[in-house]
Amino acid sequence: MKAAFPRCTQVLVALVAGASTVAVAQVATGPAPRAVAFPPALSVMVGVSTYGARARRDSGASEFTYPLSTGPTVSARLQSPLGRRFGLHVGGGFSYRNPREDVGGSPRRSSNERVATMRGEGGLLFRFKPAAPIYFGGGFVYYRHGGDPVFGQGRGAMTETGGAFGIGYDFGRKPGSNVAGRIEYWTYFVSPNASGLTSGVEAKSSARDWTFTVGATYRLRLPERRGS
């Protein structure tokens, strides 16, 4: 009994020491960070965009509509987590195209003037699960046109605002990598600017635009917030 007591004491001391070591390690490192759907990241994209008809004119025999031509676009987006499944995003895009006059939905002529358009947007992103590749977005859009978006409008630079709705897909990210591929489709509903329209031409109540882009997203190495 006397010989067994020291052995038991040694075992208890060893167990207490081991438990203390584990506890100290947990306090020092803290619990593992929880996965979020939208970690801080920067996306750069290229693609194609359309700008729907901003105005119309009815000649009696035909309907004339006035969109901008379809063309390439470049864009960038920053995202930040908002809880586990939501994220905030802000971004912008640039395109360079010309006003067009269509008859019955078919292009008839285009202006030689090229219109540079800056697009700003922001809002919320959402995934059903943090690790899901597909996500959805919504928010607002702001346009700054460097010229007349309507053929012969005679107004010059102007702005437009509206709502933005999108869907995206992330792919190709390898374990330990901060880079992944990204595909996005966004549609925008804006209120056309009616300033300076010629006689007989009236602004439409709304215009629908869309962009389809492909690019890459890079996760930013920011300090991680740890929690339970």
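These numbers were taken from a predicted model, which means no experiment stands behind them. Count residues from 1 along the sequence.
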Measure the [atom1]-[atom2] distance between [X] and [Y] for me, rounded to the nearest 0.5 Å.
| X | Y | atom1 | atom2 | answer |
| --- | --- | --- | --- | --- |
| S43 | D170 | OG | CG | 7.0 Å |
| L42 | L78 | CG | CG | 5.0 Å |
| T217 | R77 | OG1 | CZ | 10.0 Å |

Query raised in the report: Does the pair R56 and E202 meet the rule for a salt bridge (charged side-chain N to carboxylate O under 4.0 Å, His left out), with working shown?
Result: CA-CA 6 Å; R56 64 178 296 276; E202 59 181 10; 2.7 Å; yes
May I ask whether [X] and [Y] are part of the same hydrophobic cluster, defined by side-chain heavy atoms of I, L, V, M, F, W, Y residues being less than 4.5 angstrom apart, directly or through others?
| X | Y | value |
| --- | --- | --- |
| M118 | V74 | yes |
| L124 | Y169 | yes |
| F171 | F136 | yes |

Query raised in the report: Which one of F38, F140, W186 satisfies the ring-ring contact (aromatic ring centres under 6.0 Å, His included) criterion with H89?
Result: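 Only one option passes, and that is W186.
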What are the two closest non-hydrogen atoms of [X] and [Y], and how far apart are they?
| X | Y | answer |
| --- | --- | --- |
| V36 | G83 | CG1-O, 3.8 Å |
| G137 | L125 | CA-CD2, 3.9 Å |
| R173 | A180 | CB-CB, 3.5 Å |
| N98 | S69 | OD1-OG, 2.7 Å |
| A55 | V201 | CB-CG1, 3.7 Å |
| P99 | D148 | CG-O, 3.1 Å |

Requested in this report: Apply side-chain contact (heavy atoms from CB on, under 4.5 Å) to N178 and R221, showing your working.
Outcome: CA-CA 9 Å; N178 289 330; R221 293 182 177 274; 3.0 Å; yes
Whether the [X] and [Y] side chains hold a donor-acceptor pair (N or O, under 3.5 Å, no angle test) is what I'd like checked.
| X | Y | result |
| --- | --- | --- |
| T73 | S95 | no |
| T50 | D209 | no |
| R182 | Y135 | yes |

Compare all side-chain heavy atoms of [X] with those of [Y] and state whether any distance is below 4.5 angstrom.
| X | Y | value |
| --- | --- | --- |
| P67 | E101 | no |
| V150 | M158 | no |
| P40 | Q79 | no |
| T213 | S75 | yes |
| E184 | M45 | yes |
| I167 | I134 | yes |
| V141 | V190 | yes |

Report task. Give a yes or no on whether the ring-centroid distance for Y51 and Y143 is below 6.0 angstrom. Result ->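 Yes, the ring centres sit under 6.0 Å apart.
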Considering residues at least two apart in sequence or located in another chain, which fulfil the salt bridge (Lys or Arg N to Asp or Glu O under 4.0 Å) criterion with [X]?
| X | answer |
| --- | --- |
| R119 | E121 |
| R85 | none |
| R97 | none |

Report task. Could you list the residues that satisfy side chain to side chain contact (heavy atoms under 4.5 Å, CB included) with F212, not counting sequence neighbours? Result ->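 Counting only residues at least two positions away or on another chain, F212 forms a side chain to side chain contact (heavy atoms under 4.5 Å, CB included) with V48, I183, Y185, W210, V214.
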Query raised in the report: What pairs with T159 under side chain to side chain contact (heavy atoms under 4.5 Å, CB included), at least two apart in sequence or on another chain?
Result: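 If we apply the side chain to side chain contact (heavy atoms under 4.5 Å, CB included) test to T159, skipping adjacent residues, the hits are Y142, R144.
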Report task. With side-chain contact (heavy atoms from CB on, under 4.5 Å) as the test, would you mind laying out the steps for T211 and Y188 before giving the verdict? Result -> CA-CA 9 Å; T211 64; Y188 309 101; 3.6 Å; yes
Requested in this report: Using the six-membered ring of Y66, assess whether NZ or CZ of R54 lies under 6.0 Å from its centre and within 45 degrees of the ring axis.
Outcome: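 No, R54 and Y66 do not form such a contact.
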Requested in this report: Kindly write out the residues that satisfy side chain to side chain donor-acceptor pair (under 3.5 Å) with R84, not counting sequence neighbours, or none if the list is empty.
Outcome: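 Scan of R84 (side chain to side chain donor-acceptor pair (under 3.5 Å), adjacent residues dropped) gives none.
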